[in-house]
Amino acid sequence: MYLIMGCTASGKSSLAGELAEHLGGEIISIDSMKVYRRMDIGTAKPSLQKRQQYTYHMIDIVEPWDYFGMGLYMELVEPLIERLRQEGKPIIAAGGTAMYIRGLMEGIFDGPPTNPELRQRLEEEIARNGSAALHQRLTEIDPAAAAKIHSNDKKRITRALEVFELTGKPISAFQEQFGSGKLKYPWQMFCLTREKESASRRINARVKKMVEEGLFDEVKTLLADPRGLSKQAAQAVGYAEVIKHFQGIWSAAEAVEKIKINTRQLAKHQRTWFRSFAGVNTLEVNDDDTAVGVAEKILALTK
RNA sequence: GGGCGGAUAGCUCAGUUGGUAGAGCAGCGGAUUGAAAAUCCGCGUGUCGCUGGUUCAAGUCCAGUUCUGCCCA
């Protein structure tokens, strides 16, 4: 079982393909945006050719207007992993959504899923009274969680209160997985890293290529459906900016520039996540390295 | 050639009656348990175009100079 992580545009996908080739395994995508059907160019999904060549899981599983989140991901991926293990299939899990990676490493707590009505009520309360007021309430019911969550952090305050209202138990009583150091599966874990300049160059090149391949048209087509995009899908880098362009907020050039900036910021956040993971082998990759070469290195290391 | 304005952080710009400078964005670092490509926290990175002058003290006032924008020839 291989777990491959890396920043956006670091070369994970080609590497996953090579590993699948050598091992005769199947690929599990770890990506919160590749799950949406027809969001292909902007999420850098594997090409049609690659998808005929190898078996990919966790891609194209919901409609762009659907809700998707970590809970659903875990619900779907765990039985899948069990099945592949039983079949004796090598697994290559690869992607860049760090929280999902962490979920694959250590699991998530067995708690209540998102409750849209409750969440909306809490959001309205935050809009009315400010997040500090709800943070104060959290301090009363769950001081441990409140100490860890900043009083401006709306999303985490909302989730913590949501869990308490649905279960009567504080969220901090559930959260034991992250940082436990106990791996759910016997992963061989690798993180691809590149020099920052090289990484930025690759990001700029990728964004340019996405635009040339028709990112704007892809978004236009998605928006043409009255069901549109869900909140989560509409936040994807590359989509959010183009949507703003079509709303008349940014020129096309401005939108493209913002995509580059936001992609670099995404990569930065990913780096911060990956640095915090224990037990992951770092693989320095430079511009001359090929996917085949990196795959061979990994196979040699895990013989 | 003449007139007026501008020149301060990587970018766009503030800067009071003179007291060695600060916002936004970018950047850097961090947190992260069912929205996570989300959300949030921390950090100012400077030859104030250049040269002189006035002054205890100049980004600020004065002279010159360079570049730049607009207007008039």
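Order of the sequence lines fixes the chain letters, A, B, ..., with proteins taken first and strands second; residue numbering starts at 1 for each chain. Reckoned from all heavy atoms, side chains included, excluding hydrogens, waters and symmetry mates.
Within 4.0 Å (heavy atoms only), A:Glu176 reaches at least one base atom of the nucleic acid. Counting non-hydrogen atoms under 4.0 angstrom, A:Asn262 reaches nothing in the nucleic acid. A:Lys196 comes within 4.0 angstrom of the backbone, heavy atoms only, and of no base. Among the heavy atoms of the strands, none lies under 4.0 Å from A:Glu241. Residue contacts for A:Thr272: at a heavy-atom cut-off of 4.0 Å it reaches a base atom on one of the strands shown. When heavy atoms are screened at a 4.0 angstrom cut-off, A:Gly111 is found touching base atoms of the nucleic acid. When heavy atoms are screened at a 4.0 angstrom cut-off, A:Arg275 is found touching the sugar-phosphate backbone but no base atom. Note on A:Gln175: a base of the nucleic acid sits closer than 4.0 angstrom, heavy atoms only. Note on A:Lys268: a base of the nucleic acid sits closer than 4.0 angstrom, heavy atoms only.
Atom CD of A:Gln120 has 12 or fewer neighbouring heavy atoms from other residues, nucleotides or ligands inside a 6.0 Å radius.
Comparing A:Leu266 and A:Pro112 by the nucleotide of RNA chain B that holds the closest heavy atom to each, the one mapping nearer the 5' end is A:Pro112.
Connectivity analysis of hydrophobic side chains (ILVMFWY, heavy atoms under 4.5 Å, direct or indirect) links A:Leu138 to A:Leu118, A:Leu122, A:Ile126, A:Leu134, A:Ile141, A:Ile149, A:Ile157, A:Leu161, A:Phe164, A:Leu166. Within the hydrophobic cluster formed by Ile, Leu, Val, Met, Phe, Trp and Tyr side chains joined at under 4.5 Å, directly or through other members, A:Leu266 stands alone, with no partner residue.
Residues A:Gln86 and A:Glu82 have side chains that never bring a donor and an acceptor to within less than 3.5 angstrom of each other. Side chains of A:Tyr67 and A:Thr114: a donor on one and an acceptor on the other come within 3.5 Å.
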- If pairs are Watson-Crick or G-U with both distances under 3.5 Å, what is the dot-bracket string of RNA chain B, marking crossing pairs with [ ] and pairs to another strand with |? (((((((..((((.....[..))))((((((.......))))).)...(((((..]....)))))))))))).
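When the side-chain contact (heavy atoms from CB on, under 4.5 Å) test is applied to A:Glu117, the partners found at least two apart in sequence or on another chain are A:Asn115. Every residue was checked against the ring-ring contact (aromatic ring centres under 6.0 Å, His included) condition with A:Tyr2, not counting sequence neighbours, and none meets it. Taking A:Ala133 as the reference, A:Asn129 meet the side-chain contact (heavy atoms from CB on, under 4.5 Å) condition, with sequence neighbours excluded.
Base orientation of B:rG34: syn, the glycosidic angle falling within 90° of 0.
Contact check for A:His245 versus A:Val219: no side-chain heavy atoms found under the 4.5 Å cut-off.
A cation-pi arrangement is present between A:Lys169 and A:Phe174 under the rule of less than 6.0 angstrom and at most 45 degrees off the ring axis.
The stretch residues 14-37 of chain A participates, sequence neighbours left out, in these salt bridge (Lys or Arg N to Asp or Glu O under 4.0 Å) pairs: A:Glu26-A:Lys89, A:Asp31-A:Lys34, A:Arg37-A:Glu63. Residue pairs meeting the salt bridge (Lys or Arg N to Asp or Glu O under 4.0 Å) criterion with at least one member in residues 266-286 of chain A, sequence neighbours excluded, do not occur. Under the side-chain hydrogen bond (donor to acceptor under 3.5 Å, both in side chains) criterion, the residue pairs touching residues 159-168 of chain A are A:Arg119-A:Glu162, A:Arg121-A:Glu165, A:Arg159-A:Glu162, with sequence neighbours excluded.
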- Task: Check step by step if salt bridge (Lys or Arg N to Asp or Glu O under 4.0 Å) holds for A:Lys209 and A:Glu213.
- Result: CA-CA 6 Å; A:Lys209 193 162 155 255; A:Glu213 284 175 352; 3.6 Å; yes
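If you walk RNA chain B from 5' to 3' and mark each nucleotide with an atom closer than 4.0 Å to a heavy atom of chain A, the marks span B:rA26 to B:rC41.
Within residues 63-85 of chain A, the residues approached by RNA chain B to less than 4.0 Å at the level of any non-hydrogen atom are A:Tyr67, A:Phe68, A:Gly69, A:Met70, A:Gly71, in residue-number order. Listed by residue number, A:His150, A:Asn152, A:Asp153, A:Lys154, A:Lys155, A:Arg156, A:Arg159 are the residues of residues 150-166 of chain A with a heavy-atom contact under 4.0 Å to RNA chain B.
One C1' atom belongs to B:rC13, the other to B:rG46, and the distance between them is 15 Å to the nearest Å.
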